[in-house]
Amino acid sequence: MKRAYNFNAGPSALPLAVLEKAQKELVDFQNTGMSVMELSHRSKEYEAVHNRAKELLYELLQIPENYDILFLQGGASTQFSMIPMNLLQEGQVANYVLTGSWSEKALKEAKKVGATHVSASSKDEKHNFIPALENIQLSENAAYLHITSNNTIYGTQWKVFPKVNVPLIADMSSDILSRPLPVENFGMIYAGAQKNLGPSGVTVVIIRKDLIGKEDENIPTMLKYSTHAEKNSLYNTPPTFGIYMLSLVLEWVKEQGGVKAIEKANEEKAAILYDAIDASNGFYIGHAKEDSRSLMNVTFNLSDSELEKQFLQEAKEKGFVGLNGHRSIGGCRASIYNAVPKEACIALRDFMIEFQKQHG
Ligand SMILES: *Cc1c(COP(=O)(O)O)cnc(C)c1O
């Protein structure tokens, strides 16, 4: 068996050890005579998996006790609606920093619920940077400030987080668990699992307990954080297999030495590719400004668009999967989440150098 060089943006690479563990346990989970997928979500075996995933998140991200962890469905995209429905009160204004397509989508949903304000934006420069903290302007009566910690499509990432006197909410779908976090600075953190946490189908919400339960009672039951918080995310059937896979990924992160060790590995992996871009004398052009570069999504163009097509084609033939930029902006993108091994980055770097030798 040969594993692909998988640079998919999401769903994306999972650790081989995790896949093998899941394979081993697939038809008989802990002597139950059935798969995790076949267990009742009310069984003690499933409950242990569910609670272990929560416990590991608390431990790995050092989440304080005054935060709850919820396992929801509907992807990060459903959070774009749930956040204003639950946390934006009459007379308040939802504040958003626009740093890419996902934050724009989040804002679009908030506008349907109530008043909004754009606190800062990188749109005029094709979202190639993260705004400086001093340029973030909160509105009057701000309910919260929403940011996107890593911009999956444009390849930029927040390095320091704003400190504001309203709840800071972050979409961390594409960089959660990639580095240590000052969780206590946030009111809420959320992430679809399919980039750094596991397969698609489960969305992790980390929310400060005092923010739960203030919503209008008429919003749909399934869209209230309080519904899920009160029932340990077992109000209805949760995505049990996804949560099981999440628990395995979290065990793997722990075995790697935790998020600090993962961060170090991520820094090394990203440097391999950014160094290749910087050493290419303009043959490869990075999209993000240097101080805003993402460690998760390395976005670049070739100076010649015909050559870019050829680059992507040849890369594909050589077994590099997922290097096309997002369909909205084109170009090239290497997504190098936690589970992408360093060897894949080295192989891509070598290919980039070789391609430039032949065509530069
Ligand atoms: C992938 C992604 C999303 C979309 O997540 P879904 O789970 O597909 O709804 C939202 N935000 C960011 C930053 C992403 O990378």
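Each ligand, and each atom within it, is numbered from 1 in the order the structure gives. Heavy-atom basis, side chains included; hydrogens, waters and symmetry copies ignored.
A salt bridge is absent between R42 and E47; no separation between the charged side-chain nitrogens and carboxylate oxygens falls under 4.0 Å. The existence of a salt bridge linking D210 and R208 is confirmed by a sub-4.0 Å separation between a basic side-chain nitrogen and an acidic carboxylate oxygen.
The protein heavy-atom contact nearest to atom 11 (N) of ligand 1 is D171 OD2, 2.6 Å. Looking only at protein heavy atoms, the nearest one to atom 15 (O) of ligand 1 is T152 OG1, 2.5 Å. Looking at atom 9 (O) of ligand 1, its nearest protein heavy atom turns out to be S77 OG, 2.6 Å.
In this structure, D175 and M296 approach most closely via the heavy-atom pair CB-CG, 3.8 Å.
A distance-only check finds no donor-acceptor pair linking the side chain of Y144 to the backbone of V93 [under 3.5 Å]. Of the possible donor and acceptor atoms, one in the side chain of T299 sits under 3.5 Å from a partner among the backbone N and O of Y154.
Side-chain contact between E267 and S178: absent, with no pair of heavy atoms (C-beta onward) separated by less than 4.5 Å.
Atoms of ligand 1 lying under 4.0 Å from at least one heavy atom of S174, given by number and element, are 15 (O). Of all the atoms in ligand 1, the ones that sit under 4.0 Å from a non-hydrogen atom of G75 are 7 (O), 9 (O). Per-residue contacts place T148 under 4.0 angstrom from the following atoms of ligand 1 (heavy atoms of the residue considered): 13 (C). Below 4.0 Å from some heavy atom of K195 lie the following atoms of ligand 1, by number and element: 1 (C), 2 (C), 3 (C), 14 (C), 15 (O).
In this structure, Q79 falls outside the shell of residues with a heavy atom less than 4.0 angstrom from ligand 1. The shell of residues lying under 4.0 angstrom from ligand 1, judged by heavy atoms, includes Q194.
The shortest N or O to N or O distance between N150 and ligand 1 is not below 3.5 Å. Residue-to-ligand polar distances place A76 within reach of ligand 1: an N/O pair is separated by less than 3.5 Å.
Annotation for Q62: atom CD does not count as buried by contact number, only 12 or fewer foreign heavy atoms lying within 6.0 Å.
Among residue pairs with one or both ends in residues 346-355, those qualifying as side chain to side chain donor-acceptor pair (under 3.5 Å) are E354-Q358; sequence neighbours excluded.
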